[in-house]
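Notes follow once the structure below has been shown.
Just so you know, these numbers come straight off a predicted model, no measurement behind them.
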Amino acid sequence: VQLQASGGGLVQAGGSLRLSCAGSRRNFNMNAMGWFRQAPGKEREFVAAISRNGYNTHYADSVKGRFTISRDNARTTVALQMNSLKSEDTALYYCASKYVRRPETVHITPNDYQDWGQGTLVTVSS
């Protein structure tokens, strides 16, 4: 799956952003999806994941209650709604896909994912 992330930008603390990831149509609905981020000088970390069928989601503790992941298989997109943003959310955000057989599984480990988008930068000013 080819992925294209967008929606990043500069926002004040407490504000919101919505990231979008467009996937190529081929087999998109056979893939679990995830969002990861990497801040300068830090390792890439898990943010949120959603199952192939969209019924199951999982979030990092640091974003739980503030971020929401969703997908639209008909439009081959996955979104990350980010509310109540904090300065520590500043990072390059990546979407990723993993081919899965089971429609309900989610994956949180970066090495599980096969395809990655190019990243979109989110900067939160305090």
Side-chain angles (χ1 to χ4, degrees):
V1 177
Q2 292 182 331
L3 303 170
Q4 180 77 30
S6 62
L10 174 64
V11 63
Q12 288 189 334
S16 298
L17 277 176
R18 184 177 179 86
L19 305 184
S20 182
C21 178
S24 57
R25 293 189 179 276
R26 183 179 176 85
N27 294 332
F28 182 84
N29 63 350
M30 296 297 291
N31 285 263
M33 301 295 295
W35 285 97
F36 294 80
R37 66 187 182 187
Q38 188 166 16
K42 295 188 177 181
E43 292 187 353
R44 189 171 299 189
E45 65 174 3
F46 168 74
V47 176
I50 190 166
S51 60
R52 206 180 88 189
N53 59 12
Y55 292 162
N56 293 328
T57 58
H58 190 75
Y59 297 91
D61 288 342
S62 59
V63 307
K64 203 171 291 183
R66 300 188 298 123
F67 290 11
T68 302
I69 188 172
S70 60
R71 69 187 294 160
D72 184 336
N73 284 342
R75 298 186 177 184
T76 65
T77 58
V78 61
L80 184 69
Q81 178 65 42
M82 306 187 295
N83 298 329
S84 303
L85 283 161
K86 306 175 181 179
S87 58
E88 51 262 44
D89 295 318
T90 295
L92 194 58
Y93 283 71
Y94 298 89
C95 60
S97 67
K98 172 180 171 53
Y99 179 88
V100 293
R101 293 185 181 275
R102 298 172 64 91
E104 73 277 10
T105 59
V106 293
H107 293 265
I108 66 173
T109 304
N111 287 344
D112 286 348
Y113 285 81
Q114 295 143 344
D115 297 306
W116 293 80
Q118 85 289 1
T120 185
L121 181 63
V122 172
T123 304
V124 184
S125 63
S126 55

Is a side-chain donor or acceptor of Gln118 paired with a backbone partner of Gln4 at a separation under 3.5 angstrom?
no
Can you tell if the side chain of Phe67 reaches within under 4.5 Å of the side chain of Leu85, non-hydrogen atoms only?
yes
Side-chain touch Met33/Asn31, heavy atoms, less than 4.5 angstrom:
yes
How close do Gly8 and Leu19 get, counting heavy atoms only, and between which atoms?
N-CD2, 3.6 Å
Joint cluster assignment, Tyr94 & Val47, ILVMFWY side-chain distance < 4.5 Å:
no
Do Lys64 and Asp61 meet the salt-bridge criterion of a basic N to acidic O distance under 4.0 Å?
yes
Quick check: does any side chain N or O of Asp115 sit under 3.5 Å from a backbone N or O of Ala96, one acting as donor and the other as acceptor?
no
From CG (Leu3) to OG1 (Thr76), nearest 0.5 Å:
9.5 Å
Ignoring hydrogens and geometry, is there a side-chain-to-backbone donor-acceptor pair from Arg71 to Gly54 under 3.5 Å?
no
Between atom OG of Ser62 and atom CG of Asp89, what is the distance when rounded to the nearest 0.5 Å?
7.0 Å
Is the shortest side-chain heavy-atom distance between Phe28 and Thr77 below 4.5 Å?
no
side-chain contact (heavy atoms from CB on, under 4.5 Å) with Met82: of Thr68, Leu17, Val11, only one passes, and it is Leu17
Under 3.5 Å, is there a donor-acceptor pair between the Asn111 and Thr109 side chains?
no
Are more than 12 heavy atoms, taken from residues, nucleotides or ligands other than Gln2, located less than 6.0 Å from that residue's CD atom?
no
Donor-acceptor check, side chain of Asp72 to backbone of Ala74, threshold 3.5 angstrom: yes or no?
yes
Counting C-beta onward and ignoring hydrogens, is there a side-chain heavy-atom pair between Arg37 and Val122 closer than 4.5 Å?
no
Evaluate the ring planes of His107 and Tyr113, with Trp represented by its six-membered ring, and classify them as parallel (under 30°), tilted (30 to 60°) or perpendicular (over 60°).
perpendicular
Just wondering, do Val106 and Thr57 contact through their side chains at under 4.5 Å, heavy atoms?
no
Sub-3.5 Å donor-acceptor pair from the side chain of Arg52 to the main-chain atoms of Met30, do we have one?
no
Any non-hydrogen side-chain atom of Val78 less than 4.5 Å from a side-chain atom of Trp35?
yes
Can you tell me how far OH of Tyr93 sits from OG of Ser6, rounded to the nearest 0.5 angstrom?
15.0 Å
Hydrophobic cluster identity match, Val100 and Ile108, side-chain contacts under 4.5 Å
no
For the residue pair Trp116 and Pro110, establish whether any side-chain heavy-atom pair is separated by less than 4.5 Å.
yes
What are the two closest non-hydrogen atoms of Cys95 and Ala5, and how far apart are they?
SG-CB, 4.1 Å
